[in-house]
Amino acid sequence: RGHGFFGLGTFASGLFGNIVRFSVPTGVQMVFLSAGFVLFYRIAELLGTKELAVTNVLVNLSLVCVLPAMAFGLAATTLVGQALGAGQTREAVRWGWTTVALGCAAMLILGGTLAAAPGVWLGLLMNDPAAEALGVVPLLVLGLMQPIDGLGMVLSQTLIGAGAVRAVMIVSVLLQWGLFLPAGYLFGVHLGGGLLALWLAMAIYRTIFAVVMVGLFRAGGWASIKV
């Protein structure tokens, strides 16, 4: 009766409440993130058919690049959580920064590969010379921002693993919907900045996100969160 997840012991011990407390913010963040990408594509569509095609290629390339950062983020989540569980806060901090360094190095290699030959990558994935030419500079921006994006990605996963899920969710949603998407539409569509303005807005958004994640991690409040 009191055993297993659905036993009364689960509710009495507060396990169910903890699951909800830590899963709901992450779920909300993912919903807003996905919805934001839908709106991002809509903004690119307003710029034109070629701009939308280039955006689709760039987003897919960015999703490939982000995989190493996700891997290092998961590693950081595990190692930092294990260190915190053992009461070793300094060890948790060390694991956090070590995985960040490795993740940024991996992202630097991938981003540098894209930035070194943007025309080549676009030529492999597209068959419209005009669209390829349109995407060269935005792809260069995408490549250069990869190490910064890796920094934000790994640290956000580290903070989530330490229990700071609500803080990461709030920062992510506010920056995406309060800064990036409005700025992308304003400068890209309304003011005529085009595709480059849209991807510069993306780069600024991811840079600010990374800076805030660094600030949250350095503040150290995550180390005292009870899971």
Side-chain angles (χ1 to χ4, degrees), residues 25-71 73 107 110-111 113-115 117-154 156-157 160 168-210 212-213:
T26 301
V28 170
Q29 179 184 346
M30 291 300 102
V31 168
F32 276 94
L33 184 65
S34 299
F37 266 104
V38 173
L39 185 54
F40 178 61
Y41 273 109
R42 175 56 181 158
I43 294 172
E45 184 182 15
L46 293 174
L47 295 174
T49 304
K50 294 184 187 301
E51 286 84 354
L52 178 60
V54 173
T55 294
N56 186 52
V57 170
L58 296 186
V59 167
N60 280 284
L61 285 173
S62 69
L63 291 176
V64 172
C65 288
V66 84
L67 292 176
M70 292 179 64
M107 297 289 279
L110 285 174
T113 303
L114 293 178
V120 173
W121 287 104
L122 290 168
L124 290 173
L125 299 171
M126 306 187 74
N127 56 9
D128 185 336
E132 293 171 25
L134 192 63
V136 168
V137 179
L139 181 53
L140 179 62
V141 171
L142 175 64
L144 294 176
M145 69 180 254
Q146 290 309 302
I148 298 173
D149 204 18
L151 174 63
M153 177 73 72
V154 176
S156 67
Q157 291 300 311
I160 288 173
V168 174
M169 180 269 291
I170 291 173
V171 172
S172 176
V173 172
L174 286 181
L175 286 180
Q176 185 186 27
W177 287 84
L179 174 65
F180 164 52
L181 293 172
Y185 176 80
L186 175 63
F187 292 102
V189 179
H190 186 68
L191 297 180
L195 190 65
L196 178 58
L198 185 59
W199 281 91
L200 283 174
M202 168 74 85
I204 293 170
Y205 149 57
R206 297 307 297 172
T207 299
I208 295 176
F209 180 78
V212 175
M213 290 301 103

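Here the structure is a predicted model, which is why all the values come from computation and not from measurement. These values consider heavy atoms only, across backbone and side chains, with no hydrogens, waters or symmetry-generated copies.
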* Working to the nearest 0.5 Å, report the span between CG of Asp128 and CG of Leu122. => 11.0 Å
* To do: Check the pair Leu47, Val189 against side chain to side chain contact (heavy atoms under 4.5 Å, CB included), reporting the backbone distance first and the verdict last.
  => CA-CA 6 Å; Leu47 295 174; Val189 179; 3.7 Å; yes
* Full working for side chain to side chain contact (heavy atoms under 4.5 Å, CB included) between Met202 and Val141 -> CA-CA 9 Å; Met202 168 74 85; Val141 171; over 6 Å; no
* **Test log, rule ring pair (Phe, Tyr, Trp, His ring centres under 6.0 Å), inputs Trp199 and Phe40** => CA-CA 10 Å; Trp199 281 91; Phe40 178 61; 5.5 Å; yes
* Structure fact -> Correct closest heavy-atom pair for Ala115 and Pro118 would be O-CD, 3.3 Å
* Asked: Just how far is it from atom CD1 of Ile43 to atom CZ of Phe180, taken to the nearest 0.5 Å?
  -> 6.5 Å
* Measure the CG-CG distance between Leu58 and Leu125 for me, rounded to the nearest 0.5 Å. => 9.5 Å
* **Ser62 OG to Leu139 CG distance, which is reported to the nearest 0.5 Å** => 10.0 Å
* Is any side-chain heavy atom of Ile160 closer than 4.5 Å to a side-chain heavy atom of Met169? -> no
* Expected output: side-chain Asn60 to main-chain Asn56 donor-acceptor under 3.5 Å -> yes
* Asked: CG of Leu114 to CE of Met145: how many Å apart, nearest 0.5 Å?
  -> 11.0 Å
* To do: Check the pair Arg206, Ile148 against side chain to side chain contact (heavy atoms under 4.5 Å, CB included), reporting the backbone distance first and the verdict last.
  => CA-CA 7 Å; Arg206 297 307 297 172; Ile148 298 173; 5.6 Å; no
* To do: Look at the side chain of Ser156 and the backbone N and O of Met153, then say whether any donor-acceptor pair between them is shorter than 3.5 Å.
  => yes
* Please assess Leu191 against Leu186 for the test side chain to side chain contact (heavy atoms under 4.5 Å, CB included), listing each intermediate value before the final yes or no. => CA-CA 6 Å; Leu191 297 180; Leu186 175 63; 4.2 Å; yes
* Once you round to the nearest 0.5 Å, how far does CG of Asp149 lie from SG of Cys65? -> 9.0 Å
* Got more than 12 heavy atoms from elsewhere within 6.0 Å of CE, Met70? -> no
* Asked: Is the number of heavy atoms from other residues, nucleotides or ligands within 6.0 Å of OH (Tyr185) greater than 12?
  -> no
* Whether Trp177 and Phe32 hold their rings parallel, tilted or perpendicular, with breakpoints at 30° and 60° -> perpendicular
* To do: Would you check if Val59 and Tyr41 make a side-chain contact, meaning some heavy-atom pair closer than 4.5 Å?
  => yes
* Asked: Any side-chain heavy atom of Gln146 within less than 4.5 Å of one from Leu110?
  -> no
* **Met107 side chain near Leu151 side chain, heavy-atom distance below 4.5 Å** => no
